[in-house]
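Notes follow once the structure below has been shown.
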Amino acid sequence: MTEQAAVSGDPRTEKLLSPDPLQYRRHPVDGKLMVLVPEGIYLAGELRSPTWLPDFHIDVFPTTNADYARFVEATGYRRPKHWNADKGYPEPQFDHPVVWVTWHDAAAYAEWAGKSLPTSEQWEKAARGTEGRAYPWGDNATAAKCNVRDSNILRTTPVSRYRSGASPFGVYDLCGNVWEWCATSSAPGRHELKGSAFTSPFGRAAPAAFNDAAAEMSDDDTGFRCVTPSSLKGPAGR
């Protein structure tokens with residue numbers, strides 16, 4: 001069909017020959033923008049081992065203070081320690097990733113939203129694409145494309161700031177800004193973390209790198225994002 005369209009001047013040619021566009025959805029509970037990561041093989045880990053995963057949706061941006069505030073308001077869940085007791089999160093940081101959340105806090109948000117935390121494999125595929133890029137943007141070590149210690153910002157930044165650092169699936173902040181909790185357990189009571197943070201040297205930013213922490217740990221450089229199965233239903237959005 002593609003060859004016939006190209007030869008005949010069929011108006012569908014451009015659509016047939018172009019790559020599939022990114023498929024976005026708004027989640028019906030927390031309203032976050034998610035993107036489809038299609039099923040198939042990706043090159044995983046430092047050895048770039050072929051690994052198959054079913055398809056899933058992942059949050060385009062990490063969970064922000066504003067997102068987490070909706071969860072707190074809806075459930076009465078405890079606030080992060082740095083929020084004001086009366087006013088909540090610092091207003092200028094509404095679009096910064098929520099921090100000072102344990103793995104249990106992140107899992108509670110995910111359960112409320114009808115989502116889950118990503119496995120380390122899901123997270124890595126969303127970051128590296130199917131070809132096993134060293135970084136979300138490619139193989140060049142470019143610290144300017146993310147918020148790490150080398151950037152000398154020394155604090156979190158808005159989750160949409162680093163557009164040039166987005167992954168092949170259009171997912172932001174997969175290097176730097178905050179470490180992100182994963183569902184994958186590394187040992188009893190411990191879970192993997194991915195992505196590095198504003199406190200991390202750029203050398204730790206590679207998505208294939210390993211890190212973990214106790215599930216009760218919280219810090220000013222640790223947050224999360226969520227995933228859902230590809231059966232997510234909701235209005236399309238861009």
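Index from 1, following the sequence. Just so you know, these numbers use all the heavy atoms, side chains as well, and skip hydrogens, waters and symmetry mates.
In terms of heavy-atom proximity, L33 sits nearest to R26 at N-NH1, 3.6 Å. Taking both residues in full, the closest heavy atoms of A214 and R190 are given as N-NH1, 3.6 Å, listed atom of the first, atom of the second, then distance. For the pair K125 and E39, the tightest heavy-atom approach, listed with the atom from each and the gap, is NZ-C, 3.8 Å. Smallest separation of non-hydrogen atoms from V60 and R225: O-NH1, 3.0 Å. In terms of heavy-atom proximity, P207 sits nearest to P136 at CG-CD, 4.0 Å. Across all non-hydrogen atoms, the minimal contact from S151 to C146 is OG-O, 2.9 Å.
Looking at T156, its side chain never comes within 3.5 Å of a backbone N or O of P97 through a donor-acceptor pair. R79 places a side-chain N or O within 3.5 Å of a backbone atom of A85 that can act as its donor or acceptor partner. In this structure a side-chain-to-backbone donor-acceptor pair under 3.5 Å is present from D59 to C226. Put simply, the side chain of R155 gets close to the backbone of I153: a donor and an acceptor are under 3.5 Å apart. With hydrogens and angles ignored, the 3.5 Å screen pairs a side-chain donor or acceptor of E124 with a backbone N or O of G45. Not one N or O on the side chain of N140 forms a donor-acceptor pair closer than 3.5 Å with the backbone of T142. For S196 (side chain) and G176 (main-chain N/O), a donor-acceptor pair under 3.5 Å exists by modelled atom type. Side-chain atoms of R149 come within 3.5 Å of backbone N or O of T199 as a donor-acceptor pair. Panel note: side chain T51, backbone I41; no donor-acceptor pair is recorded below 3.5 Å. The backbone N or O of T64 sits nowhere less than 3.5 Å from a side-chain atom of D95 that would complete a donor-acceptor pair.
Distance check, rounded to the nearest 0.5 Å: NE2 of H191 to CG of D212 gives 10.0 Å. One distance of note links CH2 of W179 with NZ of K194; it measures 9.0 Å at 0.5 Å rounding. Interatomic distance, CG of N147 versus CG of D221, reported as 10.5 Å (0.5 Å rounding). The distance from the NZ atom of K145 to the CZ atom of F202 is 10.0 Å, given to the nearest 0.5 Å. The CE atom of M217 sits 9.5 Å away from the CH2 atom of W100 when rounded to the nearest 0.5 Å. For the atom pair CG (L154) and CZ (F198), the distance works out to 8.0 Å, reported to the nearest 0.5 Å.
Of the residues V227, T228, L36, the one that meets the side-chain contact (heavy atoms from CB on, under 4.5 Å) test with F56 is V227. A ring-ring contact (aromatic ring centres under 6.0 Å, His included) with F224 holds for exactly one of W123, Y109, W181; it is Y109.
Annotation: side chain of K115 is not in contact with side chain of T63 (no heavy-atom distance under 4.5 Å). Side-chain contact check for F210 versus S186: some heavy-atom pair is nearer than 4.5 Å. The side-chain heavy atoms of H82 and D220, taken from C-beta on, include no pair separated by under 4.5 Å. In this structure, L43 and P50 have side chains that are in contact, with non-hydrogen atoms separated by less than 4.5 Å. Here the side chains of W103 and L117 are in contact, with some heavy-atom distance below 4.5 Å. Considering only heavy atoms from C-beta on, Q122 stays 4.5 Å or farther from I58 through its side chain. Annotation: side chain of H96 is not in contact with side chain of F94 (no heavy-atom distance under 4.5 Å). Side-chain contact check for S230 versus P54: every heavy-atom pair is 4.5 Å or farther apart.
Below 30°, between 30° and 60°, or above 60°: for F71 and Y68 the angle between ring planes is above 60°, a perpendicular geometry.
Residues Y42 and L174 share a hydrophobic cluster, clusters being chains of Ile/Leu/Val/Met/Phe/Trp/Tyr side chains in contact below 4.5 Å. Cluster annotation: V159 and V171 are assigned to the same hydrophobic cluster (Ile/Leu/Val/Met/Phe/Trp/Tyr, side-chain heavy-atom contacts under 4.5 Å, transitive). The hydrophobic cluster containing F61 also contains V37, counting ILVMFWY residues as joined when their side-chain heavy atoms lie under 4.5 angstrom apart, directly or transitively.
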- Task: Begin with the C-alpha distance, continue with both residues' side-chain angles, and end with the deciding distance and a verdict on side chain to side chain donor-acceptor pair (under 3.5 Å) for W112 and D30.
- Result: CA-CA 9 Å; W112 164 76; D30 67 0; over 6 Å; no
(request) In sequence, state the C-alpha distance, the side-chain angles, and the governing distance for D105 and Y77, and then conclude on side chain to side chain contact (heavy atoms under 4.5 Å, CB included). (result) CA-CA 9 Å; D105 297 334; Y77 199 83; 2.7 Å; yes
Q.
Please evaluate residues W83 and N65 with respect to the criterion side chain to side chain contact (heavy atoms under 4.5 Å, CB included), reporting the C-alpha separation (whole Å), side-chain torsions for both, the decisive distance (0.1 Å), and the verdict.
A. CA-CA 9 Å; W83 285 16; N65 283 308; 3.2 Å; yes
